[in-house]
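Every heavy atom of this structure was used, including side-chain atoms; hydrogens, water molecules and symmetry mates were not. Keep in mind that what you see is a predicted model, and the values were worked out from it rather than measured. Numbering starts at 1 and runs along the sequence shown.
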Amino acid sequence: MSDEHTPFALVVDDDALIRMDAVHILEEAGFRVLEAAAPEEALAVLEQRGDSIQFLFTDVQMPPSEHDGFYLARKCAAYWPDVGIIVASGMLEPQAKELPAGAIFVRKPFSANVVYDHLQQLLPDGKKPEPLKQRALALG
């Protein structure tokens, strides 16, 4: 169902099962999904594909990386300001200035409905994939 007009999302988590769950949620919302297991890998993907990525979903703690998801979110916001950002953690809460302006924090475990609700908030209508738009209309 993907085509060249389907927006990309980037999922970053060192836990393959959680990453697969997030990928599934975002594919159901209508995104083509790219994956990374560490912030450094995600930054490389953003450097290559940042102009086509609409949304970043990242975990916070990803050992043994020297950086965390808060760092990744701040870098993404600084260099790719049009990308919507959700940062997720089951262990840490963001401290002041850890999250960039406009980013949203969610606690793990997260549900598809929580992610969909935040996507509706974060993304302007012109950047929402069709299934996400349809979901909003159905609920609206």
Item to check | For Val87 against Gly69, the heavy-atom pair lying closest together | outcome: CG2-O, 4.4 Å

Checklist entry - Can you hop from Leu46 to Leu122 via hydrophobic side chains spaced under 4.5 Å? => result no

Next on the checklist: Nearest 0.5 angstrom please: Gln120 CD to Asp125 CG, how far?
Outcome noted: 8.0 Å

Next on the checklist: Is a donor from one side chain sitting under 3.5 angstrom from an acceptor on the other, for His24 and Glu27?
Outcome noted: no

Checklist entry - Which heavy atom in Asp13 sits nearest to a heavy atom in Arg19, and how many Å separate them? => result O-NH1, 2.5 Å

Checklist entry - Is there side-chain contact between Phe70 and Pro94, with heavy atoms separated by less than 4.5 Å? => result yes

Next on the checklist: Under a 4.0 Å threshold between the charged nitrogen and the carboxylate oxygen, would Asp15 count as salt-bridged to Lys108?
Outcome noted: no

Checklist entry - Does the ring of Tyr116 carry Arg135 above it, NZ/CZ under 6.0 angstrom from centre and within 45° of its axis? => result no

Item to check | Any Met91 side-chain heavy atom under 4.5 Å of Val60 side chain | outcome: no

Checklist outcome for this item: Between the CG atom in Leu92 and the CZ atom in Arg107, the distance rounded to the nearest 0.5 Å is 8.5 Å

Checklist entry - Taking a hydrophobic cluster as the set of Ile, Leu, Val, Met, Phe, Trp and Tyr residues connected by side-chain heavy atoms closer than 4.5 Å, whether directly or through intermediates, do Val115 and Phe105 fall within one such cluster? => result no

Item to check | Atom pair CG/CZ of Leu132 and Phe55 - distance to nearest 0.5 Å | outcome: 9.5 Å

Checklist entry - Quick check, are the ring centers of Phe110 and Phe57 under 6.0 angstrom apart? => result yes

Checklist entry - Between Arg32 and Thr6, which heavy-atom pair has the shortest distance, and what is it? => result NH2-O, 2.7 Å

Checklist entry - If we ignore angles and hydrogens, is there a donor and acceptor under 3.5 Å between the side chains of Gln54 and Lys128? => result no

Item to check | pair Asp59-Asp14: side-chain heavy atoms closer than 4.5 Å | outcome: yes

Checklist entry - So, for Pro129 and Ala29, which heavy atoms are closest and what is the spacing to 0.1 Å? => result CG-O, 3.3 Å

Item to check | ILVMFWY cluster, Val12 and Met20 together (side-chain gap under 4.5 Å) | outcome: no

Next on the checklist: Within this structure, what is the CD1-CG distance for the pair Ile85 and Leu99, rounded to the nearest 0.5 Å?
Outcome noted: 8.5 Å

Checklist entry - Which atom pair, heavy atoms only, marks the closest approach of Val83 to Ile53? => result CG2-O, 3.3 Å

Item to check | Leu56 side chain reached by Leu72 side chain, heavy atoms, under 4.5 Å | outcome: yes

Next on the checklist: Let me confirm one number: the CD-CD1 distance from Gln121 to Ile104, rounded to the nearest 0.5 Å.
Outcome noted: 4.5 Å

Checklist entry - Linking I/L/V/M/F/W/Y whenever any side-chain heavy atoms sit under 4.5 Å apart, do Ile18 and Leu10 land together? => result no

Checklist entry - Does any non-hydrogen side-chain atom of Ser65 lie less than 4.5 Å from one of Glu40? => result yes

Checklist outcome for this item: In terms of heavy-atom contacts, Met62 and Asp68 come closest through CE-C, 4.5 Å

Item to check | Linked, directly or transitively: Val11 and Ile25 (ILVMFWY side chains, under 4.5 Å) | outcome: yes

